[in-house]
Number of protein chains: 2
Amino acid sequence: MLDDKRNQIIAAALRRFSHFGIAKTSMSEIADDMKLSKANLYYYFQDKFALIEAIAYQIMDESDLAVKQALEEIPNTLDMLIRLLDIKKEYLEKYYMLIINLHEMNMNEERWIALSKGMLQRETEVISKIFDRGIKRNELVTFDVSSTSELYVAIMRGLAMFCDHTIPHALVDKEELDSIIEKQKQAATIFINGIKKTDK
Amino acid sequence: MLDDKRNQIIAAALRRFSHFGIAKTSMSEIADDMKLSKANLYYYFQDKFALIEAIAYQIMDESDLAVKQALEEIPNTLDMLIRLLDIKKEYLEKYYMLIINLHEMNMNEERWIALSKGMLQRETEVISKIFDRGIKRNELVTFDVSSTSELYVAIMRGLAMFCDHTIPHALVDKEELDSIIEKQKQAATIFINGIKKTDK
DNA sequence: GTTTGACTATTTTTAAAAATTGGTCAAAAG
DNA sequence: CTTTTGACCAATTTTTAAAAATAGTCAAAC
């Protein structure tokens with residue numbers, strides 16, 4: 001019952017956050033949407049950050065599920081990484097503003113840094129899993145999986161940040177997103193080629 | 001004589017720009033340093049942008065010279081790319097604030113966009129030259145040099161932007177710079193491995 | 001266990017005044 | 001003809017203080 005209402009609030013907040021972003025959504029607005037008083041909202045979430053965190057984890061869990069399914073379906077390493085990029089794209093389109101906000105976070109407060117690091121780590125762990133499997137399948141050479149995964153994630157994130165930096169804009173539109181994903185796929189291809197066993 | 005004074009002004013401006021950044025350096029300050037009136041400064045450079053542009057091109061030319069020399073000394077592709085990163089590091093340390101500013105430019109004005117694109121293109125052309133040579137030397141497989149160079153530059157720039165994004169800061173210190181260069185070198189290694197001919 | 005209205009303390013927005021800055025020009029100096 | 005300058009302007013940025021919005025609290029009610 002309590003969890004049920006918490007989930008309802010999360011859903012309501014998610015709608016606003018993913019549309020208008022975190023900063024431009026006030027707790028009062030969320031409370032109004034739910035037809036609760038603000039004080040009541042604070043009964044369910046100790047503060048705004050707790051709500052954001054709950055949403056972030058929900059999205060991550062949801063995404064992890066899609067990744068897990070893909071992992072079972074796609075044995076090839078490169079194919080899997082490409083699928084991963086498509087999944088990420090899906091989520092970015094779905095929760096655009098929220099995800100952008102989560103990536104350009106407030107980095108002055110401990111809890112934000114912790115959340116950011118957690119998200120990065122989770123992303124890196126997925127890549128590690130894929131690389132490990134690739135090594136086990138005798139598809140990739142042996143290498144330091146941990147640091148290489150970190151590098152891979154950094155490259156992908158960097159490409160997303162750099163994107164078409166020469167064109168003035170703050171918000172990324174659909175075309176641009178496509179071009180970013182395209183570059184990421186290209187990079188993934190060369191990256192995997194760089195750590196795969198030489199073709200027999 | 002006229003060019004001589006222009007160069008003196010460039011040197012004076014460079015000192016301020018590379019220390020305090022472009023925005024925090026006024027034309028009056030530069031004029032004062034040179035013991036000229038501001039109006040006189042505008043006799044030598046039609047506006048602030050012209051001065052910045054002149055400085056940018058001087059640094060690029062200087063850097064290109066170092067690159068040209070390295071190209072003659074280092075035949076191996078990966079070694080050359082690593083050398084290139086070291087050269088870039090040198091220049092970043094030397095002209096820190098200025099280069100940072102040039103990368104996060106005002107992207108709302110045509111001339112800035114043109115300068116930014118020019119810098120990017122120049123960087124990409126150096127990489128193209130290196131890749132072309134690598135192909136000719138039978139070290140690399142044949143591929144679309146133009147788009148691959150663009151991708152390479154995007155990866156390197158992206159890594160620089162992403163860097164240690166989880167730690168709060170605006171200015172990059174020496175340690176961080178080292179860690180960025182390290183990641184860039186790692187990425188270059190895997191990248192080249194991904195496009196090089198399989199070892200015999 | 002839930003819900004609320006009334007209440008703070010802190011940020012954020014707003015709007016106007018003050019200061020700075022990029023840039024011009026006619027005229028002077030060499 | 002080239003170089004230099006002080007006086008000047010328009011536009012932007014910085015500063016400041018008041019107004020509004022916001023995150024978060026709490027005692028009391030349901």
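Only heavy atoms go into these numbers, but all of them, side chains included; no hydrogens, no water, no symmetry mates. Quick caveat: nothing in here was measured; it's all calculated off a predicted structure. Per chain, numbering begins at 1; letters A, B, ... match sequence-line order.
- Counting to the nearest Å, the C1' atom of C:dT4 and the NZ atom of A:Lys5 are 13 Å from each other.
- Between C:dT3, D:dG6, D:dA23, one nucleotide has an atom nearer to the side chain of A:Tyr42 than all others, and that is D:dA23.
- The phosphate of C:dT4 (OP1 or OP2) has a side-chain N or O of A:Asn40 nearer than 4.0 angstrom.
- Aromatic rings of B:Phe17 and B:Tyr95 (six-membered ring for Trp) have centroids beyond the 6.0 Å cut-off, not under it.
- OP1 and OP2 of C:dC7 both lie 4.0 Å or more from every side-chain N or O belonging to A:Lys38.
- A straight line from CZ of A:Phe49 to C1' of D:dT22 spans 18 Å, rounded to a whole angstrom.
- Distance CD (B:Glu29) to P (C:dG23): 15 Å, rounded to an integer number of Å.
- Under a cut-off of 6.0 angstrom, the local environment of NZ in A:Lys129 is sparse, with at most 12 non-hydrogen atoms contributed by other residues, nucleotides or ligands.
- Per the geometry, CE belonging to B:Met27 stands 18 Å off C1' belonging to D:dC8, to the nearest Å.
- The interatomic distance linking B:Gln8 (CD) with D:dT4 (P) rounds to 10 Å, in whole Å.
- A:Lys24 comes within 4.0 angstrom of no nucleic acid atom, judged by non-hydrogen atoms across all strands.
- Once rounded to the nearest 0.5 Å, the distance linking CG of B:Asn101 with NZ of B:Lys24 reads 10.5 Å.
- B:Ser26 comes within contact range of the sugar-phosphate backbone alone, with a heavy-atom separation under 4.0 Å but no base atom that close.
- At a cut-off of 3.5 angstrom, the base of C:dG23 holds no donor-acceptor pair with the side chain of B:Lys48.
- Following rounding to the nearest Å, B:Arg16 (CZ) and C:dG22 (P) show an atom-to-atom distance of 12 Å.
- Distance CZ (B:Arg6) to C1' (D:dT3): 15 Å, rounded to an integer number of Å.
- Judged by closest nucleotide on DNA chain C, A:Tyr43 is the one of A:Tyr43 and A:Ala39 placed further toward the 5' end.
- For A:Tyr44, a side-chain nitrogen or oxygen approaches OP1 or OP2 of C:dT3 to under 4.0 Å.
- Comparing the local axis fitted to the first five base pairs of the helix from C:dG1-D:dC30 to C:dG30-D:dC1 with the one fitted to its last five gives a bend of 30°, rounded to 10°.
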Does the pair B:Tyr57 and B:Glu62 meet the rule for a side chain to side chain donor-acceptor pair (under 3.5 Å), with working shown? CA-CA 8 Å; B:Tyr57 277 106; B:Glu62 193 187 331; over 6 Å; no

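- Atom CE of A:Met34 is separated from atom CG of A:Leu41 by 8.5 Å, given to the nearest 0.5 angstrom.
- Map A:Gln46 and B:Leu36 each onto its nearest nucleotide of DNA chain D; the residue landing nearer the 5' end is B:Leu36.
- Rounded to a whole Å, the CE atom of A:Met34 is 13 Å from the P atom of C:dT2.
- A cation-pi contact links A:Lys94 to A:Tyr91, judged by a cut-off of 6.0 Å to the six-membered ring centre and 45° from its axis.
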Start with the C-alpha distance between A:Glu139 and A:Thr77, add both sets of side-chain angles, then the distance that settles side chain to side chain donor-acceptor pair (under 3.5 Å), and finish with yes or no. CA-CA 8 Å; A:Glu139 198 183 334; A:Thr77 305; 3.1 Å; yes

